[in-house]
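Being a predicted model, the structure only gives us computed values, none of them experimental. Because only heavy atoms are used, hydrogens play no part in the values below, and waters and symmetry mates are left out as well, while side chains stay in.
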Amino acid sequence: FEGPLGSSMEAIRKQATRLREQAVLKQFGAGGYGSDLVTDEAEMQQHHKLERLYISTRAAKVALVS
């Protein structure tokens with residue numbers, strides 16, 4: 001299934017990957033302490049929102065194909 005739905009899902013995947021990479025870099029590069037914990041928490045919340053959006057978008061895609 002291609003089109004706008006497919007490109008949206010790819011954008012979500014890329015953003016989620018970037019967030020994970022940033023979190024890993026902060027954890028190991030800056031030690032993951034202090035103000036970084038607040039930033040990491042905000043990034044994790046954003047990651048969870050993106051993950052829920054991806055799951056719901058994927059469910060809609062499956063419903064359209066079925």
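Here Arg18 contributes atom CZ and Arg20 contributes atom CZ; the two are 11.0 Å apart, rounded to the nearest 0.5 Å.
The two residues Leu19 and Gln46 come nearest to each other via the heavy atoms CD1-CG, 4.0 Å. Nearest heavy-atom pair, Leu50 versus Ile12, reported as atom, atom and distance to 0.1 Å: O-CG2, 3.5 Å.
Look at Glu10 and Arg13 and you find a salt bridge, because one of the NZ, NE, NH1 or NH2 atoms lies within 4.0 Å of a carboxylate O, short of that distance.
For the side chain to side chain contact (heavy atoms under 4.5 Å, CB included) with Thr17, the lone residue among Lys14, Gln15, Glu21 that qualifies is Glu21.
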